[in-house]
Amino acid sequence: MTQWPDRMLFGGDYNPEQWPSSVWDEDVQLMQRAGVTTATVGVFSWGRLEPEPGHYDFGWLDDVLDRLHAGGVQVLLATATASPPAWLGRLDPGSQPVTADGVRLGFGSRQSYSPSSATYRTHALRLVTELALRYGRHPAVVAWHVNNEYGCHVPSSYDEESAQAFRTWLTARYGTVAELNRAWGTAFWSQTYQGFDQVDPPRAAPTFLNPTQQLDWARFSSDALLALHRAEVQVLRELTPELPVTTNFMGFFKHADYWAWAPHVDVVSDDAYPDPADPDAYVRLAASRDLMRSLRGGQPWLLMEQAPSAVNWRPLNAPKPAGLHRVHSLQAVARGADGVLHFQWRQSAAGAEKFHSALVPHAGPDTRVYAEACALGGELAQLSGQVAGTRVPARVAVLFDWESWWAVEQEATPTTVDYVATVLDWYAPFLRRGASVDLVHPSSDLSGYGLVVAPATHVLSQEDLTRLDAYVRDGGHLVVTYLSGILDRDLHVWLGGYLGPLRASLGLRITELAAAATPLTLAGGLPGAASTWQDVVEVAGPDVEVVATFADGHAAGGPAVTRHPYGAGVAWYVATAPEAAVLDELAGRWLAEAGVEALLTAPVAGVEAVRRGDRLFVLNHTGASVQVPLVGGAVQLAPYEVLVREA
Ligand code: GAL
């Protein structure tokens with residue numbers, strides 16, 4: 001397989017089946033004018049390609065691919081399995097998904113299939129085989145786009161076929177029902193099972209469901225979707241081994257553990273729909289791009305979908321002001337993307353997405369949005385030679401773990417936590433300083449990082465904890481926050497003060513977990529406000545520096561922030577959620593102590609500075625002009641301005 005992408009891609013989802021063929025020639029001309037390199041074709045074409053089971057209509061797609069090829073536009077060919085046709089549900093009503101409340105979801109929308117349906121799988125794989133045989137060597141086709149946004153609408157299904165698949169999955173995981181009973185702690189509430197056949201999905205129940213059952217259901221549901229993806233990939237690899245495969249992820253999407261998925265694509269791709277009306281959206285956006293880059297160890301990735309302007313699925317669908325779309329696009333490039341693609345090419349005239357923006361709007365090409373698209377296409381072509389294929393160096397790692405996400409957001413926990421929002425609170429101070437961050441799984445090799453932050457990493461195994469301990473002993477700088485290391489991977493509590501072996505590295509134990517009902521005040525060397533949480537912390541000895549204490553609340557007088565020189569490194573504990581100003585101060589200290597470079601001399605909101613390859617990107621996400629305190633000399637940026645220069 002040759003290296004792909006081999007240059008910066010630009011384009012989007014192209015759905016020609018929504019239009020008469022008379023429009024297709026104009027499409028190709030307008031693509032050429034805009035500098036489109038790549039069109040994603042066929043994402044929702046199953047019903048058109050296979051109007052009846054086993055009867056295919058490929059003529060129109062032959063025509064479309066030939067026209068695109070003649071126009072110099074490459075094709076990312078979708079396997080078209082994202083939305084089965086009406087006949088599939090008629091053939092096997094059991095293939096349609098069922099909610100936890102037992103409601104079977106009907107046809108007429110999209111993604112109407114249960115991930116564990118054998119009928120869906122059989123028909124999907126037959127279609128993939130036909131497509132691979134027919135188009136695998138078409139000169140326009142450069143890669144496969146498998147399915148679309150797995151789990152977006154139906155992350156799991158509670159039908160009986162899925163229940164049976166869950167039992168099989170549990171049998172493979174635990175071997176014996178006694179082991180399942182141990183892991184799930186079923187001695188509690190008379191939940192002991194006598195056989196795997198007694199176990200069900202966590203369907204609607206009288207009150208709190210077993211936590212480990214819920215965690216295993218989340219693991220199983222992610223695995224069930226991944227199994228579908230892998231089955232398609234297997235067909236494609238057999239028939240077209242030279243073509244790369246990808247499937248579009250959804251950033252911080254709760255229901256698919258992308259660490260497990262990433263090895264099964266050749267290139268990571270992502271869909272991102274920030275709210276143009278939210279001035280803080282750039283933080284989540286930056287972090288999701290860093291996650292995408294991190295999933296395959298820094299390999300360039302693709303922004304597969306974004307809206308050129310407004311979406312149509314928020315209560316209020318704000319358009320992007322002129323310039324913002326360019327900032328979003330170049331942010332992706334700065335953070336490692338080798339392609340900027342969109343949903344969709346031409347704005348629909350009918351159907352559920354007719355009010356979603358597109359590169360060619362309803363009003364036609366003589367519009368601001370199409371003009372911006374042309375400008376972006378030209379700019380990306382220029383940037384291609386400068387940055388395509390290059391890497392984004394990062395020396396800060398923030399742990400990101402789907403199992404912690406699933407566990408910490410369960411019911412019956414000490415407090416309600418939004419895991420991603422919490423991770424972002426700890427990511428943002430580094431963003432505000434221009435210090436690049438990788439997101440990493442707790443089991444990763446951390447030795448290349450100067451600083452590692454574990455925010456609310458609720459679930460950690462003995463091996464994870466031991467690795468983090470060794471990281472500090474070997475000279476690393478580690479920051480652990482409240483709600484981390486509370487449970488093992490069966491969701492059993494780490495007894496004796498939580499944190500397992502990290503108690504030694506941090507030099508403390510936690511004697512009480514406590515949600516904070518009122519705002520908190522930090523005293524000592526780090527005054528400021530905090531909220532949400534306060535652990536009751538007992539330090540182990542005089543070598544633990546208490547950097548801040550709680551002035552009020554349940555843990556008044558106790559440590560809020562501690563620092564422990566340990567082995568050749570330093571381990572910090574933060575027992576609460578400090579306000580942003582305090583986090584900025586702490587981050588500055590952590591970076592300096594760990595000797596990690598930041599590109600800005602002071603924290604700034606709404607602005608980012610990132611180095612990729614030998615280029616420096618400075619981006620202003622705000623509608624105001626800003627002074628950016630770059631190391632080596634401040635620069636002034638106009639509203640939504642992006643500066644790209646040699647680093
Ligand atoms: C994505 C999806 C696209 C389109 C888009 C609209 O979730 O993959 O097909 O629906 O959202 O924002």
Side-chain angles (χ1 to χ4, degrees), residues 11-19 38-49 75-85 108-113 115 143-155 225 228-229 232 245-256 258 261 265 267-278 281 284-285 288-289 292 301-320 324-325 328-329 332 339-362 369 373:
D13 278 24
Y14 179 40
N15 299 305
E17 68 271 36
Q18 295 178 15
W19 298 95
T38 313
T40 306
V41 181
V43 176
F44 293 103
S45 303
W46 190 349
R48 178 81 187 259
L49 289 169
V75 170
L76 204 44
L77 189 59
T79 59
T81 53
S83 216
S109 173
R110 66 175 175 183
Q111 217 172 70
S112 279
Y113 64 87
W144 291 109
H145 176 297
V146 179
N147 198 287
N148 190 65
E149 293 193 341
Y150 276 101
C152 169
H153 309 298
V154 183
L225 291 168
L228 278 181
H229 171 76
E232 287 201 25
V245 299
T246 188
T247 186
N248 43 349
F249 294 162
M250 291 164 280
F252 293 107
F253 177 65
K254 187 172 181 181
H255 305 287
Y258 291 144
W261 284 65
V265 294
V267 175
V268 166
S269 51
D270 191 38
D271 296 352
Y273 291 96
D275 184 352
D278 175 3
R284 187 184 179 108
L285 204 54
S288 66
R289 296 172 180 343
M292 292 303 128
W301 56 281
L302 285 179
L303 177 57
M304 184 64 83
E305 284 184 27
Q306 62 172 344
S309 188
V311 298
N312 67 327
W313 40 260
R314 290 198 172 94
L316 190 154
N317 298 302
K320 292 186 180 178
L324 183 59
H325 186 57
H328 288 166
S329 302
V340 174
L341 300 118
H342 300 80
F343 179 85
Q344 61 176 329
W345 164 250
R346 188 184 278 277
Q347 191 169 17
S348 303
E353 298 194 302
K354 57 185 174 298
F355 295 118
H356 192 288
S357 62
L359 293 169
V360 182
H362 287 151
V369 169

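The structure displayed is predicted, hence computed values, not measured ones. One-based numbering, in listed order, for ligands and for the atoms of each. Computed over heavy atoms, backbone and side chain alike; hydrogens, waters and symmetry mates excluded.
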Legend entry - side chain to side chain donor-acceptor pair (under 3.5 Å) partner of Y273, chosen from H356, E305, R314, Q306: E305
Inset, instruction - Kindly assign one of parallel, tilted or perpendicular to the pair W261 and H229, based on the angle between their ring planes and the thresholds 30° and 60°. - result: tilted
Legend entry - Parallel, tilted or perpendicular: rings of F249 and Y258 (30°, 60°): parallel
Legend entry - Within-4.5 Å side-chain heavy-atom neighbours: H328 and P274: yes
Legend entry - Distance in Å, H342 NE2 paired with L359 CG, rounded so as to fall on 0.5 Å steps: 5.0 Å
Expected rows: ligand 1 N/O, protein N/O, dist below 3.5 Å:
from	atom 1	to	atom 2	distance (Å)
ligand 1	7 (O)	E149	OE1	2.3
ligand 1	7 (O)	E149	OE2	2.9
ligand 1	8 (O)	N148	ND2	2.8
ligand 1	8 (O)	E149	OE1	3.2
ligand 1	8 (O)	E149	OE2	3.3
ligand 1	8 (O)	E305	OE1	3.1
ligand 1	8 (O)	E305	OE2	2.8
ligand 1	9 (O)	R110	NH1	3.1
ligand 1	10 (O)	R110	NH1	3.1
ligand 1	10 (O)	R110	NH2	2.9
ligand 1	10 (O)	E353	OE1	3.3
ligand 1	10 (O)	E353	OE2	2.4
ligand 1	12 (O)	W313	NE1	2.8
ligand 1	12 (O)	H356	NE2	2.7

Inset, instruction - State which residues pass side-chain hydrogen bond (donor to acceptor under 3.5 Å, both in side chains) with R346; sequence neighbours excluded, sorted by chain then number. - result: E26, D27
